[in-house]
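What follows is a single structure, written as structure tokens, with notes after it.
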Amino acid sequence: MKRILITGGAGFIGSHLCTRLIEEGHEVICLDNYFTGSKTNILHLLGNPRFELVRHDVINPYHAEVDQIYNLACPASPIHYQYNPIKTIKTSVMGAINMLGLAKRVGARILQASTSEVYGDPAIHPQPEPYWGNVNPIGIRSCYDEGKRCAETLFMDYHRQNGVDIKIIRIFNTYGPRMHPNDGRVVSNFIMQALRNEPITIYGEGQQTRSFQYVDDLIEGMVRMMNESGDFTGPVNLGNPHEFTIKELAEKVIEMTGSHSRIEYRPLPSDDPRQRQPDIKLAGEKLHGWHPTIELEEGLRRTIAYFQTLI
Ligand code: NAD
Ligand code: UDP
């Protein structure tokens, strides 16, 4: 049994990770400021004596004796991370410094939830880890992209300078139950719109692509990276390489929900990446053959069932 700190533990991905680690018998400290997460996401764990909830903002130092840290605290959807962009950068950068400082002091292993956004609007397709990316440093997505890039730099520097035991994963678009219904991300937006028979809002012409990973596949990859990757620090891509256009996703959601929604086209936000697909060869090699097992249709079925309970 290990004592494990999860920052951003009350968020979408964090709540699934808390659940998995509690089920494995560990002690979990879930730290969150509830900016985009909520207690409802971890309600099912609250009575468990091995589960502890802490209201805290990662831009301030935190101390606890722990064996492992998963650093997930950061708003992840464009409307939330653009709401207060300066705070988003502080969360990524000061949060990384504070958590790396903690890992250094207590000798904990620390994993950073980085993102495919470090590749920006990629000029190489699919994206392998050695690709340095194509990121606009002064655009509306930069607070998130550059904040996450700087966090990766900090992780590597704490590792090289102080020998901190680090792991970096680059998460590609992940979806599933407990996504925030109003966070503006494409899967939650389309499902909520379809279930309410409201127009499905496609930004641009819907020809941009994304590759959607079901949350359970990500959690499996994260836990393997933390525990079964030896000296490998990453970064490593974790995503589902099956790529869809946004229009295809809209049509699939309409079909699966039996919705009467029509498609409505809206302007494309600036710096919206045109294509995205992870190269997951490295993850397969380093994480004992890890690969996604839940395809879009099955993942959507489970996610639609969750959103139905909210309506
Ligand atoms: P989320 O918004 O549901 O979760 C983020 C959590 O962090 C929330 O509970 C929020 O309240 C908390 N938080 C935000 N700022 C904080 C702060 N300053 N101090 C403490 N807590 C804070 O998003 P998610 O999809 O679960 O994403 C989790 C992590 O994974 C994020 O770091 C995100 O960048 C990364 N990621 C997610 C995706 C994805 O597709 N979901 C893709 C790439 C990377
Ligand atoms: N998108 C869309 N309609 C929506 C929400 C998003 O067409 O209602 C598009 C968005 O422009 C982007 C893609 O879907 O091209 C994925 O958006 P999301 O915010 O989910 O993730 P990210 O852009 O960060 O990959």
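Both ligands and their constituent atoms are indexed starting at 1 by order of listing.
With a heavy-atom cut-off of 4.0 Å, Val187 does not touch ligand 2 at all. Contacts between Arg185 and ligand 1 below 4.0 angstrom, taking non-hydrogen atoms only, involve the side chain exclusively. With a heavy-atom cut-off of 4.0 Å, Thr201 touches ligand 2 through backbone and side chain alike. Only the side chain of Lys148 comes within contact range of ligand 1, with a heavy atom under 4.0 Å; no backbone atom does.
Annotation: atom 14 (C) of ligand 1 to nearest protein heavy atom, Cys74 N, 3.6 Å.
Counted by atom type alone, Asn71 and Thr7 present one or more donor-acceptor pairs between their side chains at under 3.5 Å. For the residue pair Ser259 / Asn197, a side-chain donor-acceptor distance below 3.5 Å is found, with atom types taken as modelled. Gln82 and His80 share no side-chain donor-acceptor pair at under 3.5 Å. Between the side chains of Gln193 and Ser261, no donor-acceptor pair is found at a separation under 3.5 Å.
Backbone and side-chain nitrogen or oxygen atoms of Arg185 are examined, and none is located within less than 3.5 angstrom of a nitrogen or oxygen of ligand 2.
Summarising the contacts of atom 36 (N) of ligand 1 with Tyr175, Tyr144, Phe12, the nearest heavy atom is found in Tyr144. Here atom 28 (C) of ligand 1 lies nearest to Leu72 when heavy atoms of Thr88, Leu72, Val54, Asn71 are compared. Distances from atom 44 (C) of ligand 1 to the heavy atoms of Ser114, Ala113, Ala76 put Ser114 nearest. Between Asn41, Asp57, Asp32, it is Asp57 that holds the heavy atom closest to atom 18 (N) of ligand 1.
The ligand atoms of ligand 2 that sit less than 4.0 angstrom from a heavy atom of Asn173 are 21 (O), 22 (P), 25 (O). Within the listing of ligand 2, atoms 24 (O) sit less than 4.0 angstrom from a heavy atom of Glu117. Listed by number with element, the atoms of ligand 2 under 4.0 angstrom from any heavy atom of Gln208 are 9 (C), 11 (O), 15 (O). When each atom of ligand 2 is checked for a heavy atom of Gly184 under 4.0 Å away, the hits are 5 (C).
At least one heavy atom of Ala10 sits less than 4.0 Å from an atom of ligand 1.
A side-chain hydrogen bond (donor to acceptor under 3.5 Å, both in side chains) with Tyr119 holds for exactly one of Arg170, His125, Arg149, Glu129; it is Arg170.
With contacts defined as side-chain heavy-atom distances shorter than 4.5 Å, the pair His44/Ile22 does not qualify.
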